[in-house]
Amino acid sequence: MEKTLVIIKPDAVKRGLIGEIIKRYEAKQLTITKMMMLTPSRDTLVKHYAEHEGKSFFENLLAFMMSGDVVVMTITGPNAVAQVRKINGATKFLDAEMGTIRGDYGVDITANLVHGADSTDSAKKEIDIWFGL
Ligand SMILES: Nc1ncnc2c1ncn2[C@@H]1O[C@H](COP(=O)(O)OP(=O)(O)OP(=O)(O)O)[C@@H](O)[C@H]1O
């Protein structure tokens, strides 16, 4: 059984899309195995987005992620990492297929509703960052 980490970002929480998003994962028989709601700290986000430090959009991304509550979840099931990324759709909303979360609801490159870990290794690291060892 594979495990991944998903974040429902502040734009999706503010737009009232938590239920709609979770429904799509559960519809594919993925199981929510941990869940918490919080406004993330800068420290946590710097760890989570370490690979983007120094990029032009880094500070904007952190400010956006600290702008409100997020829902952080572990999601478990066969091929959970790939399944979640498929359900989320392409990072850039204009590239995301209709029928994906970003394709159906996305209107902004930074505020793109959801995050899903990009590999099982990243998932392990991110679960440690958000939920502790
Ligand atoms: N060129 C950009 N301009 C502004 N924000 C960006 C840009 N590229 C990425 N981002 C933001 O940074 C996040 C992380 O980028 P990354 O390339 O890791 O995307 P991803 O792996 O598809 O998305 P996520 O990690 O959120 O699932 C994106 O989800 C988006 O919010």
Side-chain angles (χ1 to χ4, degrees):
M1 219 39 110
E2 203 167 275
K3 203 184 277 187
T4 191
L5 183 114
V6 170
I7 303 175
I8 303 179
K9 297 184 179 184
D11 55 328
V13 173
K14 286 185 185 130
R15 287 169 64 182
L17 293 172
I18 296 172
E20 174 61 39
I21 288 168
I22 288 176
K23 187 175 86 180
R24 291 174 181 228
Y25 301 132
E26 290 188 326
K28 293 285 280 183
Q29 299 208 329
L30 295 166
T31 306
I32 315 296
T33 39
K34 281 187 184 170
M35 178 156 66
M36 65 178 176
M37 189 175 212
L38 76 169
T39 301
S41 70
R42 186 181 168 88
D43 272 8
T44 301
L45 291 168
V46 166
K47 285 183 202 152
H48 177 83
Y49 284 123
E51 66 177 298
H52 296 303
E53 200 161 2
K55 290 188 187 164
S56 58
F57 59 82
F58 184 70
E59 285 301 328
N60 260 349
L61 176 60
L62 261 53
F64 160 64
M65 290 296 289
M66 291 187 290
S67 69
D69 279 349
V70 302
V71 177
V72 189
M73 302 177 281
T74 62
I75 294 189
T76 306
N79 306 300
V81 168
Q83 286 267 55
V84 161
R85 288 185 68 87
K86 186 159 186 168
I87 294 164
N88 289 353
T91 306
K92 294 183 181 160
F93 68 98
L94 287 174
D95 296 336
E97 300 285 345
M98 300 305 289
T100 65
I101 293 167
R102 289 163 172 163
D104 290 349
Y105 298 105
V107 290
D108 186 87
I109 190 162
T110 302
N112 61 355
L113 302 145
V114 278
H115 161 78
D118 64 9
S119 65
T120 51
D121 276 358
S122 302
K124 279 195 193 84
K125 281 184 205 144
E126 293 174 10
I127 290 166
D128 284 351
I129 290 168
W130 289 93
F131 288 100
L133 291 168

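Just so we're clear, the structure is a prediction, and the values are computed from it rather than from any experiment. Counting convention: from 1, in listed order, for ligands and their atoms alike. The residues of the chain are indexed from 1 along the displayed sequence. Values reported hereafter were calculated over all heavy atoms of this structure, with side chains retained and with hydrogens, waters and symmetry mates removed.
A salt bridge is defined here as a Lys NZ or Arg NE, NH1 or NH2 lying under 4.0 Å from an Asp or Glu carboxylate O, and K3 with E126 fails to meet this definition. The pair D108-K9 fails the salt-bridge criterion, with no side-chain N (NZ, NE, NH1 or NH2) lying under 4.0 Å from an Asp/Glu carboxylate O.
When only non-hydrogen protein atoms are considered, atom 11 (C) of ligand 1 lies nearest to L61 CD1, 3.9 Å. For atom 10 (N) of ligand 1, the closest heavy atom belonging to the protein is F57 CE1, 3.6 Å. Given atom 5 (N) of ligand 1, the protein heavy atom at minimum distance is T110 OG1, 3.2 Å.
Where the criterion is an N or O separation shorter than 3.5 Å, residue side chain and backbone included, K9 meets it with respect to ligand 1. The shortest N or O to N or O distance between H52 and ligand 1 is under 3.5 Å.
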Review point. What's the verdict on side-chain contact (heavy atoms from CB on, under 4.5 Å) for I7 and M65, showing C-alpha distance, side-chain angles and the deciding distance?
Key: CA-CA 10 Å; I7 303 175; M65 290 296 289; 4.1 Å; yes
Point to revise | Pair R15-V107, side-chain contact (heavy atoms from CB on, under 4.5 Å): steps then yes or no | key: CA-CA 12 Å; R15 287 169 64 182; V107 290; 4.2 Å; yes
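For ligand 1, the atoms closer than 4.0 angstrom to any heavy atom of G116 are 27 (O). Which parts of ligand 1 touch V114 is read off a 4.0 Å heavy-atom cut-off, strictly below it: atoms 26 (O). Under a 4.0 Å criterion applied to the non-hydrogen atoms of N112, ligand 1 contributes the atoms 28 (C), 29 (O), 30 (C), 31 (O). Residue T91 has at least one heavy-atom neighbour below 4.0 Å for each of these atoms of ligand 1: 19 (O), 20 (P), 22 (O), 28 (C), 29 (O). Which parts of ligand 1 touch R102 is read off a 4.0 Å heavy-atom cut-off, strictly below it: atoms 22 (O), 23 (O), 24 (P), 26 (O), 27 (O), 29 (O).
Cluster membership check: L38 does not share its hydrophobic cluster with L17, using side-chain heavy-atom separations under 4.5 Å among Ile, Leu, Val, Met, Phe, Trp and Tyr.
Remark: among candidates K92, E126, H115, R85, the nearest residue to atom 24 (P) of ligand 1 is H115, based on non-hydrogen atoms.
In summary, the side chains of T31 and T76 do not present any donor paired with an acceptor at a separation below 3.5 Å, with no hydrogens or angles considered.
At most 12 heavy atoms of other shown residues, nucleotides or ligands fall within 6.0 angstrom of atom NZ in K92.
Ring geometry for Y49 against H115 counts as perpendicular: the plane angle is over 60°, on a 0 to 90° scale with 30° as the lower cut.
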